[in-house]
Amino acid sequence: MQRTLVLLKPDAVQRRLVGEIIRRFEQKGLRLAGLKMVQASRDLAEQHYAVHRGKPFYESLLTFLTSGPTIAMVWEGREAVSVTRLLMGLTDGARSAPGTIRGDFGLSVQNNLIHGSDSPESADAEIALWFRPDELVNYTCADAAWIG
Ligand code: IDP
Ligand code: MG
């Protein structure tokens, strides 16, 4: 079973899209293993986006991620990393297909509502950055035998 880190970025919270986005993850069959609201510090944002340090949009991206509360979640299930990326759509909302979160709710490249880890290795590192082990819960969903 794979885990992935999902962030509903400050624009998702400000635009009241949190429930709509979480609904899509539940509907797909992924299992929620952790959830909290975080006002990201500059330090946390820098660590999270370390791979983008030096890019032209880096400073603006940090300002965005620290501009208001973020919903941090861990979702678990079969192929959770790639399933989440498919639910999200492409980075640029304008290029994302309808039916995806970014395709349905945005036009922006930066303010694109959601982050999802891009590999199982990134997921492990990002989950450890945003959550303590005791903030993640192991349990079985009642319909587990019916969902892959
Ligand atoms: P991803 O979130 O689809 O994995 P990344 O390339 O990892 O996209 O970029 C991280 C985040 O940085 C994006 O989600 C978006 O918020 C922002 N970003 C990426 N490319 C640009 C850009 O060209 N201009 C402004 N912001 C960008
Ligand atoms: Mg990325």
Side-chain angles (χ1 to χ4, degrees), residues 1-139 141:
M1 208 52 81
Q2 206 173 65
R3 280 181 167 175
T4 193
L5 180 84
V6 174
L7 302 178
L8 306 186
K9 299 181 187 180
D11 55 338
V13 176
Q14 294 295 331
R15 294 177 57 196
R16 301 177 171 85
L17 288 169
V18 170
E20 167 63 32
I21 296 172
I22 288 177
R23 184 187 64 74
R24 294 175 177 220
F25 281 81
E26 288 191 310
Q27 189 171 271
K28 184 65 178 169
L30 293 171
R31 188 178 67 83
L32 188 59
L35 180 150
K36 62 182 173 182
M37 193 176 210
V38 180
Q39 171 57 59
S41 64
R42 164 99 192 182
D43 182 56
L44 178 59
E46 277 182 5
Q47 289 188 65
H48 179 74
Y49 278 132
V51 65
H52 296 300
R53 193 186 304 266
K55 293 186 183 166
F57 58 84
Y58 179 68
E59 278 303 322
S60 171
L61 180 59
L62 296 190
T63 300
F64 168 49
L65 191 61
T66 57
S67 65
T70 289
I71 305 295
M73 302 183 282
V74 175
W75 286 92
E76 185 173 277
R78 180 166 171 263
E79 302 290 343
V81 169
S82 61
V83 166
T84 294
R85 300 285 296 190
L86 288 168
L87 290 174
M88 288 163 51
L90 303 176
T91 304
D92 184 348
R95 296 177 191 280
S96 292
T100 65
I101 292 160
R102 289 166 169 172
D104 283 350
F105 300 114
L107 281 172
S108 173
V109 181
Q110 176 186 273
N111 299 2
N112 59 5
L113 299 164
I114 183 167
H115 167 86
S117 308
D118 63 9
S119 69
E121 295 72 31
S122 309
D124 289 346
E126 291 175 359
I127 290 167
L129 180 62
W130 287 82
F131 285 90
R132 299 191 313 267
D134 69 350
E135 291 177 318
L136 302 179
V137 183
N138 274 307
Y139 61 102
C141 283

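Computed from a predicted structure; not experimentally measured. These values consider heavy atoms only, across backbone and side chains, with no hydrogens, waters or symmetry-generated copies.
- The closest side-chain donor-acceptor pair between Asn112 and Lys9 falls under 3.5 angstrom.
- With values rounded to the nearest 0.5 angstrom, Glu135 atom CD is found 10.5 Å from Leu35 atom CG.
- Every residue two or more places apart in sequence or in another chain that forms a side chain to side chain contact (heavy atoms under 4.5 Å, CB included) with Leu129 is listed here: Leu44, Gln47, His48.
- Taken from OG1 in Thr100 to CZ in Arg85, the straight-line distance is 12.0 Å, to the nearest 0.5 Å.
- Proximity of Gln110 to Asp11: side-chain heavy atoms (C-beta onward) are nowhere separated by under 4.5 Å.
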Exercise. Test Val18 against Val13 for side chain to side chain contact (heavy atoms under 4.5 Å, CB included), laying out the working first.
Key: CA-CA 6 Å; Val18 170; Val13 176; 4.0 Å; yes

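- With respect to Arg102, the side chain to side chain contact (heavy atoms under 4.5 Å, CB included) criterion is satisfied by exactly one of Thr91, Leu107, Leu90, Val109: Thr91.
- The shortest side-chain heavy-atom distance between Val6 and Trp130 does not fall under the 4.5 Å cut-off.
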Check residues 65-72 and write down every donor-acceptor pair under 3.5 Å in which the side-chain atom is one partner and the other belongs to a residue at least two apart or another chain.
| unit_1 | atom_1 | unit_2 | atom_2 | d |
| --- | --- | --- | --- | --- |
| Thr66 | OG1 | Leu62 | O | 2.8 |
| Thr66 | OG1 | Thr63 | O | 3.3 |
| Ser67 | OG | Phe64 | O | 2.7 |

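- The distance from the CD atom of Glu26 to the CH2 atom of Trp75 is 5.0 Å, given to the nearest 0.5 Å.
- Looking only at side-chain heavy atoms (C-beta outward), Val83 and Thr4 stay at 4.5 Å or farther from each other.
- One finds the CG atom of Leu30 at 10.5 Å from the CE atom of Met73 (value rounded to the nearest 0.5 Å).
- At least one side-chain heavy atom of Ile101 sits less than 4.5 Å from a side-chain heavy atom of Phe25.
- For Glu20, the salt bridge (charged side-chain N to carboxylate O under 4.0 Å, His left out) partners are Arg23, Arg24, not counting sequence neighbours.
- In this structure a side-chain-to-backbone donor-acceptor pair under 3.5 Å is present from Asp104 to Gly99.
- For Tyr58, the ring pair (Phe, Tyr, Trp, His ring centres under 6.0 Å) criterion is met by no residue, not counting sequence neighbours.
- One finds the CG atom of Leu5 at 11.0 Å from the CG atom of Asp118 (value rounded to the nearest 0.5 Å).
- Taken to the nearest 0.5 Å, the NZ atom of Lys36 stands 5.5 Å off from the CZ atom of Phe131.
- Listed by chain and number, the residues in a side chain to side chain contact (heavy atoms under 4.5 Å, CB included) with Glu76 are Met1, Arg3, Arg31 (sequence neighbours excluded).
- Remark: Tyr49 engages His52 in a ring pair (Phe, Tyr, Trp, His ring centres under 6.0 Å) (not counting sequence neighbours).
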